Amino acid sequence: MMNGIVPVSAPTRLRVEQAMAELDYVPNLSARGLRNGRSGVIGLALPDLATPFSAEISQSIVEVAHEQGWSVQIEETGSDPHREQELMTRARANLIDGLILNPVVLKESAVQVGVALPPVVLLGEVTQQLADRVFVDSFAAARDMTLALARPGRRRIAALGVNRGRQSATALQRAGGYEAALQELGIAKDESLLISCDSWTPASAAEALGEYLDAHPLPEALFCFTDSMAIGALNTLWKRGVRVPEDIAVAGFDDVIDGRFAVPSLTTVSFDKRAIATEALRLLTERMSDRSHAQQLVEIEYRIVERDSSRG
């Protein structure tokens, strides 16, 4: 009755609820979990909680989860597969009911063939055949963004976010889309327009672009693989007296709120983060109920949002 499951008359329910309020009664969720075999908690693990994108996707997942009666335990993996493994161990021990993970590199992820998987859903670009996944097509989106930057006749389009060493799945797909657009435009790939930035933060991007401009001429356009990097790039350009978009067009990826209030406002790849959260929770709930069904892949639509940073 106190769970709202057993039907009772309205007067009886009112008396019970009044007594619960007077006694400050709090349901024992642990005991309830023992009965239904669930803790009521899911885990969310992201590589870097400090980024605006992580903050926004976390908020969306927490909101949707709470609407469905779940609590969320948020962890930072720091791109460390051992942290993913710890979370998976907790799930197998029934301390959490399922996991939403955002791995960075497939071969380093805890999601591998031969590993007993709890209910798990992956976010992002890491492609595998084991777990359900929700993703945006980064290759296609990067291609479309590069084509958009080129439409006013720009030819020297640089890419910021290329990793020279350990390659993340996101970097590989966005670099691949960038290169595909250049090929479609008949523009030869120019290694001097690939700007390495191993840490995708505003500070790292600002430093990387500054070092690049010390040794290279200014490109006509700059495609940054995240909005956070684009915001750092805008700061470097402003300090050097470079006008955006008159001297160089700048674009990012993710459509974080900060980019909308940058000066100038940031052109970006936009997608519905709440849709990602909704689909991830749907897949996770279904996987909890049936671990044997086939892998499900859900692609979230994207769109190019042109703002002041690239308007010619």
Side-chain angles (χ1 to χ4, degrees), residues 46-59 76 78-79 104 138 141-142 144-146 148-150 152 154-165 168 170-171 174-175 177-178 190-271 273 302 304-312:
L46 300 174
D48 184 359
L49 294 177
T51 67
F53 172 77
S54 291
E56 292 182 19
I57 202 70
S58 296
Q59 181 185 41
E76 181 178 81
S79 305
V104 176
S138 275
D144 288 348
M145 176 57 79
T146 306
L149 287 171
R154 304 181 186 106
R155 304 283 291 179
R156 297 188 63 256
I157 303 171
L160 175 60
V162 177
N163 295 341
R164 301 295 186 186
S168 72
T170 303
R174 294 180 188 176
Y178 160 81
D190 184 347
E191 293 287 343
S192 72
L193 290 172
L194 303 179
I195 307 173
S196 179
C197 184
D198 293 332
S199 176
W200 286 9
T201 64
S204 181
E207 181 180 2
L209 181 59
E211 292 175 354
Y212 175 84
L213 293 177
D214 287 340
H216 300 84
L218 186 71
E220 294 174 272
L222 176 65
F223 173 34
C224 304
F225 287 175
T226 69
D227 284 356
S228 292
M229 286 192 286
I231 290 169
L234 287 175
N235 181 263
T236 290
L237 294 169
W238 174 76
K239 287 181 177 178
R240 290 173 177 249
V242 177
R243 300 172 303 165
V244 178
E246 293 86 354
D247 300 328
I248 181 174
V250 177
F253 198 116
D254 291 333
D255 195 16
V256 300
I257 292 174
D258 291 355
R260 304 174 197 177
F261 296 95
V263 180
S265 57
L266 185 61
T267 292
T268 190
V269 175
S270 180
F271 45 89
K273 299 179 184 68
Y302 67 86
I304 304 299
V305 177
E306 186 178 15
R307 299 196 179 107
D308 294 340
S309 67
S310 69
R311 289 194 175 108

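Because only heavy atoms are used, hydrogens play no part in the values below, and waters and symmetry mates are left out as well, while side chains stay in. The model shown is predicted, which means the values in this text are computed figures rather than measured ones.
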Going by side chain to side chain contact (heavy atoms under 4.5 Å, CB included), Leu160 matches just one of Leu222, Val250, Thr226. Which one?
Leu222

Look at the side chain of Arg154 and the backbone N and O of Leu149, then say whether any donor-acceptor pair between them is shorter than 3.5 Å.
yes

Determine the minimum heavy-atom distance between Trp200 and Ala171, stating which atoms define it.
CZ2-CB, 3.6 Å

Student check: side-chain heavy atoms of Leu237 and Leu218 closer than 4.5 Å
yes

For residues Pro219 and Leu193, determine if any side-chain heavy atom of one lies less than 4.5 Å from a side-chain heavy atom of the other.
yes

Strictly distance-based, threshold 3.5 Å: is any side-chain N or O of Ser228 a donor or acceptor partner for the main-chain N or O of Thr201?
no

Any salt bridge between Glu220 and Arg156, counting N to O under 4.0 Å?
no

Atom CG of Leu194 and atom OH of Tyr178: how far apart are they, to the nearest 0.5 Å?
5.0 Å

Sequence neighbours left out, what passes salt bridge (charged side-chain N to carboxylate O under 4.0 Å, His left out) with Arg311? Give chain and number order.
Asp308

Closest heavy-atom pair, Phe225 versus Arg174, reported as atoms and distance to 0.1 Å, is O-NH1, 2.5 Å

Could you measure the distance from the CG atom of Asp254 to the OG1 atom of Thr51? Nearest 0.5 Å is fine.
8.0 Å

With rounding to the nearest 0.5 Å, note down the distance linking OG in Ser310 to CD1 in Ile304.
9.5 Å

Look at the aromatic rings of Phe271 and Phe53 and report parallel, tilted or perpendicular, splitting at 30° and 60°.
perpendicular

What pair of heavy atoms forms the shortest contact from Val162 to Ala159, and how long is it?
CG2-O, 4.2 Å

Within the distance-only criterion (no hydrogens, no angle test), does the side chain of Glu56 pair as donor or acceptor with the backbone N or O of Lys273 below 3.5 angstrom?
no

Pro202 and Met229, any side-chain heavy atoms less than 4.5 Å apart:
no

Residue pairs involving residues 222-242 (criterion salt bridge (Lys or Arg N to Asp or Glu O under 4.0 Å); sequence neighbours excluded):
Asp214-Arg240

Thinking salt bridges, do Arg260 and Asp255 make one under a 4.0 Å N-O criterion?
yes

Looking only at heavy atoms, the pair that brings Gly252 and Met145 closest together is O-CE, 3.9 Å

Side chains of Ser58 and Leu46: does their closest heavy-atom pair fall under 4.5 Å?
yes

List the atom of Leu234, the atom of Ala262, and the distance in Å for their closest heavy-atom pair.
CD1-CB, 4.0 Å

How far apart are the closest heavy atoms of Arg307 and Thr268, and which atoms are they?
NH1-CG2, 3.6 Å

Kindly indicate, with the supporting measurements, whether the criterion side chain to side chain donor-acceptor pair (under 3.5 Å) is fulfilled by Asp144 and Tyr302.
CA-CA 10 Å; Asp144 288 348; Tyr302 67 86; 2.6 Å; yes

Roughly how far apart are Ser270 OG and Phe253 CZ, rounded to 0.5 Å?
10.0 Å

Ser54 side chain to Ala50 backbone, donor-acceptor under 3.5 Å
no

Donor-acceptor contacts under 3.5 Å from residues 203-212 side chains, at least two apart:
from   : atom 1 : to     : atom 2 : distance (Å)
Ser204 : OG     : Ser199 : O      : 3.0
Tyr212 : OH     : Ser192 : O      : 2.7

